[in-house]
Trainee: 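Handing you a structure now.
Since the model is a prediction, treat every value here as computed from it, not as a measurement. Numbers restart at 1 for each chain; the letters A, B, ... are given by sequence-line order, proteins then strands.
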Amino acid sequence: MSEYHFAEEEQRWQAFWVEKGIHHTPDDPERPTYYVLDMFPYPSGAGLHVGHPLGYIASDIMARYHRMRGYAVLHPMGFDAFGLPAEQYAIQTGQHPAQTTKENIKRYTEQLKKMGFSYDWSRTVTTSDPAYYRWTQWIFLELFNSWFDRDAQDGVGGARPINELIRHFEVHGTAQLRAACADDAPAFGATDWNGFNESERSEMLMHYRLAYLAEARVNWCPALGTVLANDEVKDGVSERGGHTVEARMMRQWMLRITAYSARLLDGLNDLDWSDAIKEQQRHWIGRSTGARVRFSLEKTGNSHEQEHAQGQGTDGTDGADGADRAYAVGDGADAVGDEHPIEVFTTRPDTLFGVSFLVLAPEHPRVMDLTLPAHQARVEHYVLQAQLRSERERMAEVKTVSGVPTGRYVINPLNGARVPIWVADYVLAGYGTGAVMGVPGSDERDWRFAQHFKLPIIAVVEGTDPEKGAESTRTARMINSDFLNGYTADDAIPLAIERLEQLGQGEGTTQYRLRDAIFSRQRYWGEPVPIAFGAHGPVAVDPSDLPLLLPAVDKYLPTEEGEPPLARAQDWTYRGMPLETTTMPGWAGSSWYFLRYMDPHNIEEFASRAKTDRWKQVDLYMGGAEHATGHLLYARFWTQFLFDRGCIGFREPFRRLVNQGMIQGVSAYMQRVRLPECSTHPKPSTRVLTETNKNGEPSTRVLTGTNKNGEPLRWECPSAYTNAWISAGLLIDGAEAAGKVSVDVGLVDQNRLNCAEWKQQETGPDAKDWLLMGENGFITAAGHAPHECSADELVFFTTPEVEKMSKSKRNVVNPDWVVDQYGADTLRMYEMFLGPLEDSKPWDTQGIEGVYRFLQKLWRMCHPGGQFSLEQGEPTDQEWKSLHKLLLKIGADIERFSFNTCVSAFMIAVNELQSMGCRKQAIIDPLVRALAPFAPHLCESLWQSMGMPDSVHLSAFPVGDPERVREDDYNYPIQENGKMRFNLNLPRAASADELQALVMANPRVHQLCGDRKPKRVVVVPGRIVNLVF
RNA sequence: GCCCAGGUGGUGAAACCGGUAGACACGCAGGACUUAAAAUCCUGUGACCGAUGAGGUCGUGCGGGUUCAAGUCCCGCCCUGGGUACCA
């Protein structure tokens, strides 16, 4: 029988769609818009594997579905083309990354086109294209030329041009200014400002710009001459090469994303994203509300402490012998010096009466100033140690308590108690004020610290047992807390803050975990930062001179002096001034690309306001959940910023986000064993026997073992081998396991290794000597050993393991291969059929047959005897019912992204129609239209055969009619005590009482009851009848 | 540790509002067609008891609970995957 030739048909219809331009984004302003976007892929050298298209297929179905429903659909694709892999390759080969990138993009594009996606390729963008990065640079300059006014937009805060800030400085200085700025930005008056020279002004403005230069702590790798990301550092050394990595302060471009903390957090509420992702972002931004509290320093002369009184610290071998004296309530007022107080941040100002120590981060700027001479050496040592320890090391010993006392004391602002100051690395410099108040009665870490150093533990809430641990509940009543006694935390916190504010010793505040983002990269393959350095500081490149093109360099490596690669460029200057040599990070280009697709060829603007107003946000954004806190947060930040500056009319980039799961690979592993020693004398323990050749050397030996069912096996193999690969489940007597090795999954079918093909691959010029042992014999590389069986005969099983699909695990399945074997429609439907879109699941090539057979079945249904032919008659009620049941299901399931159940529904419908022998066009036509988003090629083929106009993809998506599926009867399950016994066909229209009467009159029910009488009969019309005995 | 998602046949899974657990598909077994194979079609397929029947018992990670009824809701626990990491 003839069949559907997908290869020819798919090519034909892909060409047909291009010719008809059906994927072109319509400009038609009448129609509602729908913007479906896939996350920007990075075009890697390895090409796509079957895991990548999962999201693309789902989004393509949505794009096609919405087109058929009359929407103007924007469905673009492009490439996030700057990045490290291309640069690494360039360093190795000397080939310009632009060249590799171009080739990789070509490959990706071909792969994507082959799968029949309906992208509008005329809108494609590439971040490394100067026509694109010109606008990335332009947005950077806008950030550079903006500051964040906390009073803008009804007090929510927003970005404003830097010139407005300059005007404010000219008139008021920093007075009446509520701006996002560096912590150490000094206050000054208007006269000061007007007296500043140009360099000083430039420096002042740097504290306020949204893109600014600052010293930032980075992972510097001297051997590589570059800065590494946290995940490129493993165990204190670089992941590549294992070179040492040190923490180093470097001048970097930063983006003041922290200005937007509140907006980024609050904006999440209106987004239709998964709770998991929203939670991740919330946690990342990390808002905590509490108070800043200032602790005044006790005068040094007043210290009751002498030289060594305050404990020995770090190792904790001895406690604080002065600890009991360290905490003493007293009148601290006259003891207070005029030094700046120490400020801490706390979320629990209500527990202030429980403070028994204060801890500074080792990096806290005042540590050395405060430390008394007697403690100087040990504090210095501790601070140095903390600096040397990498973040990873600190992480590894979370439970270890360490710290040193400074010898100084502060005064508790609420009760005047003397409190010792310690330095400990459990306090982070980057969060809050870099100092905390230790409340061991109510905080677990403080409790461990106090316990370790024998500092007093004061209970401030009811139910605290200072011996056992901290009590952090917010619901218990306060004790030992003066005016707060009897209140719970929620009431006590505002009271405590009120008191602090009255005393001028603190105020309520909100703190965020989010840090400003380092923007500079010491790399070549990225957008150049359009800033030059003049005599008085950084100077922005004039926007009309953009793009600032990436210059040619002789090598893609840092200079000998450790300067970034751009420092190698000849004449890297702008109007005589040296240009910035760092480049932008990968997320620069991807933070705004969704806007460019709306107006990709605009040379006047990044996108016209008219176009962005028309398309607005992305209606559906499809991509992996791994971008939860990186890309998705940065893109939101840039969108908020562009909104503030009036460039676009909306605040959030992605209205709805759907995260597709990962498709994992099934790796095939072979076990390797070390064979027992050969011996001419059989050892009973290992049961190894050998034969000797004529020289008396062992030539063959007998190995014994069992298969996975425990049945004994025996091999006579050459003695020369000491190692063997063994089939799964085999046990060789006396052999030791010696690891495993993965085999290309292409050589494995249902865990059985294609030994002949494998042998061919493994016996190249550098073939190793190997021995492969299966249940029924063995083979060797040379293939001439006595007793060896043929590679075709050998039964050898590999052990499957589900893990991430990757080249190194040799478990990659290539979509091109699947398309060649089964066609794009089958690949598309199978990936959807695999399970819920958002779940991770392993790829199993076996299962694809089911979908393939389904498509062939539908085609054959329309081609009896190989010729296209459908019947014209009016369908029966049953036939209509099958169709409309399908249409109702598809309509509902597409809306909830349940594509796997859509595929089942199509299978069920076709099975039903087939068993009814239905080949009526009145049924097939809507079925084909409903299937078109899923299997676009086959449906186009059938559509054209039906003699329909245009394209199936320009037809209307069919809608199910509930009237057509209405049934008079419902097959009620009859239960006994909740257990299903049998079904009864009863009228759907019957009321509960009528149903009960019908059920109780039924002979089968009588039989079920016997002589028992139901205590109760539960009747739920349209659902169930339950007899309760 | 904390946050999030998940745990259902040999396998991928379905069951959307608490109402017939296992749809659909793979695989497997048997059959039809065929000289044969492929393709296709048909039948069976959670486990156990029973005779292969009628029928019954158990069964959605584990232990409790609510309910006429729990894969679904509540409490406690175990495991897997993702995120995060001394955040005051």
Side-chain angles (χ1 to χ4, degrees), chain A residues 1 3 274-284 286-288 290 344-348 351 359 361 391 394-395 397-401 424-428 430-439 442-446 448-449 472 511-514 624-626 628-629 659 661-662 664 666 750 800 830 833-836 838-851 853-854 856-857 860 889 892-893 896 898 900-901 903-908 911 914-915 971-983 1014-1020 1022-1029:
Chain A
M1 195 195 267
E3 57 177 315
S274 76
D275 288 338
I277 297 280
K278 287 205 226 180
E279 272 309 308
Q280 272 182 53
Q281 288 215 352
R282 285 196 187 106
H283 186 231
W284 192 260
R287 172 154 59 194
S288 31
V344 304
F345 173 73
T346 176
T347 53
R348 295 291 303 270
T351 63
V359 188
E391 270 180 41
R394 282 200 193 183
M395 264 167 61
E397 41 192 280
V398 164
K399 299 284 172 208
T400 324
V401 177
D425 66 3
Y426 82 89
V427 178
L428 304 178
Y431 185 71
T433 62
V436 303
M437 57 186 214
V439 186
S442 296
D443 181 279
E444 197 49 48
R445 283 155 321 184
D446 294 346
R448 276 205 304 271
F449 192 80
S472 55
Q511 199 67 47
Y512 294 91
R513 200 181 82 109
L514 186 68
E626 66 273 17
T629 49
N659 298 115
M662 206 181 7
Q664 294 146 319
V666 180
Q750 288 196 66
Y830 182 55
F833 186 58
L834 233 31
E838 308 205 5
D839 291 3
S840 286
K841 52 241 156 185
W843 175 266
D844 171 23
T845 302
Q846 287 264 313
I848 203 169
E849 291 286 344
V851 167
R853 285 175 199 154
F854 158 75
Q856 290 289 345
K857 192 188 280 183
R860 276 197 311 272
K889 173 106 181 120
D893 285 1
R896 63 188 182 105
S898 179
N900 55 329
T901 52
V903 178
S904 314
F906 282 118
M907 289 174 169
I908 292 168
N911 287 348
Q914 181 174 263
S915 62
N971 206 18
Y972 276 90
I974 308 301
Q975 295 183 335
E976 173 189 357
N977 292 330
K979 271 180 211 153
M980 150 67 178
R981 288 293 118 114
F982 54 87
N983 291 99
K1015 266 191 272 184
R1016 192 177 154 192
V1017 181
V1018 180
V1019 180
V1020 185
R1023 287 227 184 263
I1024 205 144
V1025 177
N1026 189 11
L1027 305 169
V1028 185
F1029 291 100

Trainee: Heavy atoms only, 4.0 Å cut-off, all strands: where does A/K278 land among base, sugar-phosphate and nothing?
Mentor: nothing
Trainee: To the nearest Å, give me how far apart NE2 (A/H283) and P (B/U84) are.
Mentor: 10 Å
Trainee: Is A/K979 salt-bridged to A/E976, going by a charged N under 4.0 Å from an acidic O?
Mentor: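 No salt bridge links A/K979 with A/E976.
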Trainee: Let me know the distance between CG of A/N900 and P of B/A14, rounded to the nearest Å.
Mentor: 5 Å
Trainee: Between A/D443 and A/R445, does any side-chain N to carboxylate O distance fall below 4.0 Å?
Mentor: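 Yes, this pair counts.
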Trainee: Let me have a per-nucleotide readout for nucleotides 24-29 of chain B, 5' to 3', with B, S or -, counting only protein heavy atoms under 4.0 Å.
Mentor: BSSS--
Trainee: Is there a side-chain contact (heavy atoms from CB on, under 4.5 Å) between A/K1015 and A/F1029 once you walk through the steps?
Mentor: CA-CA 5 Å; A/K1015 266 191 272 184; A/F1029 291 100; 5.6 Å; no
Trainee: Taking the side chain of A/E279 as heavy atoms from C-beta outward, which of B/A88, B/C41, B/C3 is closest to it?
Mentor: B/C3
Trainee: With nearest nucleotide decided by heavy atoms, which residue, A/R348 or A/D275, maps closer to the 5′ end of RNA chain B?
Mentor: A/D275
Trainee: Quick check against the 3.5 Å criterion: does A/T351 have a side-chain atom that pairs as donor or acceptor with the backbone of A/R348?
Mentor: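 It does hold such a pair.
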Trainee: Distance check: side-chain N/O of A/R445 vs OP1/OP2 of B/C86, anything under 4.0 Å?
Mentor: no
Trainee: Going from CG on A/N1026 to CG on A/N977, what distance comes out if it is rounded to the nearest 0.5 angstrom?
Mentor: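 Going from CG on A/N1026 over to CG on A/N977, the span is 7.0 Å.
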Trainee: Rounded to the nearest Å, what distance is computed from the CG atom of residue A/N659 to the C1' atom of nucleotide B/C4?
Mentor: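 Checked: the CG to C1' distance equals 12 Å.
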Trainee: From the options B/C86, B/C4, B/A85, select the nucleotide whose nearest atom is closest to the side chain of A/Y426.
Mentor: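 That would be B/C86.
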Trainee: Take N1-N3 plus N6-O4 or O6-N4 for Watson-Crick, N1-O2 plus O6-N3 for G-U, both under 3.5 Å. Which runs of 3 or more such pairs involve RNA chain B?
Mentor: B:1-7 with B:78-84, B:10-12 with B:24-26, B:27-32 with B:40-45, B:46-49 with B:55-58, B:61-65 with B:73-77
Trainee: Indicate whether OP1 or OP2 belonging to B/C16 is found under 4.0 Å from a side-chain N or O atom of A/S898.
Mentor: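 No, because none of the side-chain N or O atoms of A/S898 sits under 4.0 Å from OP1 or OP2 of B/C16.
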Trainee: I'd like a table of atom pairs between the protein and nucleotides 17-20 of chain B - only N or O on both sides, under 3.5 Å - with the distance next to each one.
Mentor:
from	atom 1	to	atom 2	distance (Å)
B/U20	N3	A/N983	ND2	3.4

Trainee: Could you give the OH-to-P distance, from A/Y431 to B/A85, as a whole number of Å?
Mentor: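 Whole-Å distance recorded here is 14 Å.
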Trainee: Taking only the C1' atom of each, what is the distance from B/U8 to B/U60 in whole angstrom?
Mentor: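 That atom pair is separated by 4 Å.
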Trainee: Glycosidic conformation of B/C42, syn or anti, with 90° from 0 as the boundary?
Mentor: anti
Trainee: What is the distance from CD1 of A/I277 to P of B/C3, rounded to the nearest Å?
Mentor: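 Going from CD1 in A/I277 over to P in B/C3 covers 18 Å.
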Trainee: Syn or anti for B/G9? Use the chi torsion, O4'-C1'-N9-C4 for purines and O4'-C1'-N1-C2 for pyrimidines, with syn inside 90° of 0.
Mentor: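 Syn, which is what one calls it when the glycosidic angle falls within 90° of 0.
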Trainee: Nearest whole angstrom, please: distance from the P of B/A88 to the CZ of A/R287.
Mentor: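 Spelled out: CZ on A/R287 to P on B/A88 is 14 Å.
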Trainee: For the residue pair A/Y426 and A/D446, confirm or rule out a side-chain donor-acceptor distance under 3.5 Å.
Mentor: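 Side chains of A/Y426 and A/D446: pair found under 3.5 Å.
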Trainee: Taking atom types as modelled, is there a side-chain donor on A/S898 or A/T901 under 3.5 Å from an acceptor on the other?
Mentor: yes
Trainee: Given B/C58, is OP1 or OP2 found less than 4.0 Å from the side-chain N or O atoms of A/K979?
Mentor: yes
Trainee: Going by the angle between their ring planes, with limits at 30° and 60°, are A/Y830 and A/W843 parallel, tilted or perpendicular?
Mentor: perpendicular
Trainee: Tell me: CZ of A/R981 to C1' of B/A69, nearest whole Å?
Mentor: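 Value for this atom pair: 13 Å.
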Trainee: Would you kindly give the CD-to-P distance between A/Q664 and B/U11, to the nearest whole Å?
Mentor: 16 Å
Trainee: Are A/S288 and A/Y431 close enough that a side-chain donor and a side-chain acceptor fall under 3.5 Å?
Mentor: yes
Trainee: The test is side-chain contact (heavy atoms from CB on, under 4.5 Å); show your working for A/I1024 and A/V1018 and say whether it passes.
Mentor: CA-CA 8 Å; A/I1024 205 144; A/V1018 180; 5.6 Å; no
